[in-house]
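Below, all heavy atoms of this structure are taken into account, side chains as well, without hydrogens, waters or symmetry copies. The residues of the chain are indexed from 1 along the displayed sequence.
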Amino acid sequence: DVQLVESGGGLVQSGGSLRLACAASGYRYSDYCMGWFRQTPGKEREGVAAIRPGVDNTYIAASVKGRFTITQDNANNTVYLQMNSLKPEDTAMYYCAVARFFSACVGGSRVDYWGQGTQVTVS
């Protein structure tokens, strides 16, 4: 079965850094893109970053551009979201997701699998 396990969330002060990881298993990793999304109660889910494993194609949302970076470790089927210069407005539950189409990994529609989420709180 498909497993997407997020880790790396926590509580950090404004200006600090966190690195989120999404370890994938149970599917053909190279056939799917992976996206990072975040959601806060009362707000729409926002696509943060996306990448297609094995392909030089990435997306970074304007709201986090210059602060967040998405990378991958193909040997271990893991995608990372490096978050620097964190702000209180970055506080959210962060989810990773996989989909067949890159547009879905960016926008969140037609997502095939979702992770359980990891909480990021910036104070």
Side-chain angles (χ1 to χ4, degrees):
D1 56 348
V2 174
Q3 295 285 328
L4 300 175
V5 181
E6 298 104 325
S7 61
L11 176 64
V12 65
Q13 294 186 31
S14 181
S17 298
L18 289 172
R19 188 180 70 161
L20 307 185
C22 182
S25 63
Y27 69 98
R28 188 173 174 87
Y29 179 75
S30 61
D31 286 349
Y32 292 79
C33 60
M34 184 174 291
W36 281 100
F37 299 84
R38 64 186 182 184
Q39 188 164 30
T40 301
K43 296 183 179 180
E44 292 187 346
R45 182 168 53 214
E46 177 187 14
V48 176
I51 191 168
R52 183 171 291 280
V55 179
D56 187 17
N57 190 13
T58 62
Y59 164 80
I60 300 291
S63 59
V64 301
K65 188 177 182 180
R67 300 187 297 118
F68 290 13
T69 304
I70 187 168
T71 58
Q72 62 184 317
D73 179 357
N74 289 324
N76 292 290
N77 292 357
T78 301
V79 172
Y80 299 94
L81 184 68
Q82 179 67 46
M83 306 186 295
N84 298 325
S85 301
L86 283 162
K87 306 174 182 179
E89 51 261 45
D90 295 317
T91 295
M93 183 72 75
Y94 284 72
Y95 299 89
C96 68
V98 297
R100 294 297 296 263
F101 296 98
F102 197 73
S103 60
C105 284
V106 171
S109 63
R110 293 191 295 168
V111 166
D112 290 284
Y113 306 103
W114 289 96
Q116 83 287 351
T118 184
Q119 178 68 38
V120 172
T121 302
V122 184
S123 62

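- Smallest separation of non-hydrogen atoms from C105 and A97: SG-O, 4.4 Å.
- One hydrophobic cluster, built from ILVMFWY side chains closer than 4.5 Å, cannot hold both Y80 and V120; they sit in different ones.
- The hydrophobic cluster containing W114 also includes F37, M93, Y95, V111, under a criterion of side-chain heavy atoms closer than 4.5 Å among ILVMFWY residues, counted directly or through chains of members.
- Annotation: side chain to side chain donor-acceptor pair (under 3.5 Å) contacts of T91 (sequence neighbours excluded): none.
- The backbone N or O of Q116 lies less than 3.5 Å from a partner atom in the side chain of E6, making a donor-acceptor pair.
- When every heavy atom of S103 is checked against every heavy atom of R110, the shortest pair comes out as OG-NH2, 3.8 Å.
- A 4.5 Å side-chain heavy-atom check between D90 and F68 finds at least one atom pair inside the cut-off.
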Could you walk me through whether M34 and Q72 pass the side chain to side chain contact (heavy atoms under 4.5 Å, CB included) test, one step at a time?
CA-CA 10 Å; M34 184 174 291; Q72 62 184 317; over 6 Å; no

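- Y113 and Y29 end up in the same hydrophobic cluster when Ile, Leu, Val, Met, Phe, Trp and Tyr side chains are linked at under 4.5 Å.
- Tracing side-chain contacts under 4.5 Å through hydrophobic residues (I, L, V, M, F, W, Y), one reaches V64 starting from Y94; they form part of the same cluster.
- Taking hydrophobic clusters as Ile, Leu, Val, Met, Phe, Trp and Tyr residues chained together by side-chain heavy-atom distances below 4.5 Å, L18 shares a cluster with I51.
- Scanning all heavy atoms of the two residues, the minimum distance from A61 to G47 falls at CB-O, 3.3 Å.
- Contact record, S17 with N84: OG-OD1, 2.9 Å, taken as the closest heavy-atom pair.
- In this structure E46 satisfies the side chain to side chain donor-acceptor pair (under 3.5 Å) test together with R38, S63, sequence neighbours excluded.
- For E44, the CD atom counts as loosely surrounded, since its 6.0 Å shell holds 12 or fewer non-hydrogen atoms of other residues, nucleotides or ligands.
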Let's go through T69 and I60 carefully: what are the C-alpha distance in whole Å and the side-chain angles of both, what is the deciding distance for side chain to side chain contact (heavy atoms under 4.5 Å, CB included) to 0.1 Å, and is it a yes or a no?
CA-CA 7 Å; T69 304; I60 300 291; 5.7 Å; no

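- For the pair D112/V2, no side-chain contact is recorded, criterion being any heavy-atom separation below 4.5 Å from C-beta on.
- Side-chain contact check for M83 versus W36: every heavy-atom pair is 4.5 Å or farther apart.
- You'll find the side chain of Y27 stays beyond 4.5 Å of the side chain of N77, heavy atoms only.
- Grouping the Ile, Leu, Val, Met, Phe, Trp and Tyr side chains by contacts below 4.5 angstrom, directly or via other members, places L4 with L81.
- Of the candidates D73, T78, N74, N76 forms a side chain to side chain donor-acceptor pair (under 3.5 Å) with just one, namely D73.
- Geometrically, R52 does not engage F102 in a cation-pi contact defined by less than 6.0 Å to the ring centre and at most 45° from the axis.
- The minimum heavy-atom distance between L20 and G9, with the atom names listed, is CD2-N, 3.5 Å.
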